[in-house]
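To start, the structure itself, in structure tokens.
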Amino acid sequence: VTPKNEKLRKSLEYIIWRRTIFNRDNWTCKKCGIRGGRLHAHHIHSFADFSDLRTSKENGITLCKNCHKGFHRIYGNKNITRDMLNRFLKINLPLKNV
């Protein structure tokens with residue numbers, strides 16, 4: 001994470017965005033259904049490629065740490081789309097300890 005991105009991710013706007021995503025999703029991973037724990041607010045359209053959507057609540061989904069890592073292991077970190085997320089949510093993979 002570059003210093004610029006780190007600064008953005010620590011901004012009040014970004015912190016509010018994360019909390020909004022978690023609250024909307026009831027603090028539950030939308031892939032595996034685990035509630036609480038190590039949750040990540042995942043950008044549906046990538047943080048790097050869609051700067052105008054970084055804090056749009058429509059551009060976020062709650063994933064647990066393991067599911068988030070599993071998503072990026074499959075699809076990478078660039079040019080992420082909603083279609084990729086939809087495919088990921090449908091596949092039945094054991095993602096524990098990814």
key: Least distance between heavy atoms, Gly33 atom then Thr28 atom   = O-CG2, 3.5 Å
key: Heavy-atom pair of closest approach, residues Ile34 and Leu39   =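 Result for this residue pair: O-CD2, 4.5 Å.
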remark   = Between the CG atom in Asn86 and the CD1 atom in Ile91, the distance rounded to the nearest 0.5 Å is 12.0 Å
ask   = Between atom SG of Cys29 and atom NE2 of His68, what is the distance when rounded to the nearest 0.5 Å?
value = 10.0 Å
ask   = What's in the same ILVMFWY side-chain cluster as Trp17, cut-off under 4.5 Å, chained through other members?
value =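 Via sub-4.5 Å side-chain contacts, Trp17 links to Leu8, Tyr14, Ile21, Phe47.
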Donor-acceptor pair, distance only, cut-off 3.5 Å: does the side chain of [X] make one with the backbone of [Y]?
{"X": "Arg18", "Y": "Arg9", "result": "no"}
{"X": "Arg35", "Y": "Asn26", "result": "yes"}
{"X": "Asn59", "Y": "Arg54", "result": "no"}

key: Residues, nucleotides or ligands: over 12 heavy atoms within 6.0 Å of Arg24 CZ   = yes
query = Quick one: side chain to side chain contact (heavy atoms under 4.5 Å, CB included) partners of Glu58, sequence neighbours excluded?
reply =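 Counting only residues at least two positions away or on another chain, Glu58 forms a side chain to side chain contact (heavy atoms under 4.5 Å, CB included) with Ser56.
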key: His43 vs Phe50, ring-ring contact (aromatic ring centres under 6.0 Å, His included): CA-CA, chis, key distance, verdict   = CA-CA 9 Å; His43 286 89; Phe50 295 89; over 10 Å; no
message = Less than 6.0 angstrom from the centroid, inside 45 degrees of the normal: does Lys31 satisfy that with respect to the ring of Phe71?
response =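 No - Lys31 does not lie over the ring of Phe71 by the 6.0 Å and 45° rule.
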